[in-house]
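Below is one structure, written out as structure tokens, with a few remarks after it.
Since this is a predicted model, take the numbers as computed values, not measurements. Heavy atoms only: backbone and side chains are in, while hydrogens, waters and symmetry mates are out.
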Amino acid sequence: LAAMTVEACAEDTKGQTCYICTEAVHWKTKEGLVRGCACRGTAGVAHVSCLAEQVRILCDEAAENHLDMSPRWVRWHTCSLCEQSY
């Protein structure tokens, strides 16, 4: 599914970089970019693996600090910039 999404986003993300790692092609996975919302420019463009790593860090941090995950998941449902649902 991720590969199909990257392929579908290829034209739209051409020349862009991931807002998380700032690379066009992921250094380890060699994957391309996806766009998950209506943001343009560098906002909203990322590698699926970078997004997955952010979720892993968020979950680990919540577990380590005994935090409720419910409010922390909101950022994964709606873009905080353009407010579009993913």
Side-chain angles (χ1 to χ4, degrees):
L1 183 61
M4 288 173 34
T5 305
V6 168
E7 185 177 331
C9 292
E11 187 62 35
D12 187 41
T13 60
K14 188 175 184 176
Q16 300 291 327
T17 58
C18 176
Y19 76 90
I20 300 167
C21 73
T22 69
E23 297 293 329
V25 176
H26 193 277
W27 67 276
K28 187 175 183 180
T29 64
K30 306 299 184 214
E31 71 187 281
L33 298 163
V34 296
R35 180 180 301 281
C37 64
C39 286
R40 291 295 172 235
T42 57
V45 179
H47 300 110
V48 173
S49 58
C50 288
L51 294 170
E53 180 66 9
Q54 277 198 333
V55 170
R56 188 193 61 75
I57 291 168
L58 181 76
C59 291
D60 289 351
E61 181 183 88
E64 183 177 313
N65 295 298
H66 308 289
L67 301 172
D68 180 14
M69 281 298 295
S70 299
R72 300 170 72 84
W73 281 115
V74 171
R75 69 182 276 186
W76 300 104
H77 296 287
T78 306
C79 176
S80 62
L81 298 174
C82 71
E83 298 182 354
Q84 178 181 344
S85 296
Y86 296 118

**Nearest heavy atoms of Ala43 and Cys39, plus distance in Å** = O-CB, 3.4 Å
Taking side-chain contact (heavy atoms from CB on, under 4.5 Å) as the test, write out the residues that go with [X], two or more places apart.
X     : value
Ala52 : none
Ser49 : His26, Thr29, Glu31, His47
Val55 : Cys59, Trp73, Trp76

**Message:** Strictly by salt bridge (charged side-chain N to carboxylate O under 4.0 Å, His left out), give each pair with a member in residues 55-68 just once, sequence neighbours left out.
**Reply:**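 For residues 55-68, and leaving out neighbouring residues, the salt bridge (charged side-chain N to carboxylate O under 4.0 Å, His left out) pairs sorted by first residue read Glu53-Arg56, Arg56-Asp60, Glu61-Arg72.
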Sequence neighbours excluded and cut-off under 3.5 Å, please list the side-chain donor-acceptor pairs for residues 14-24, or say none.
none

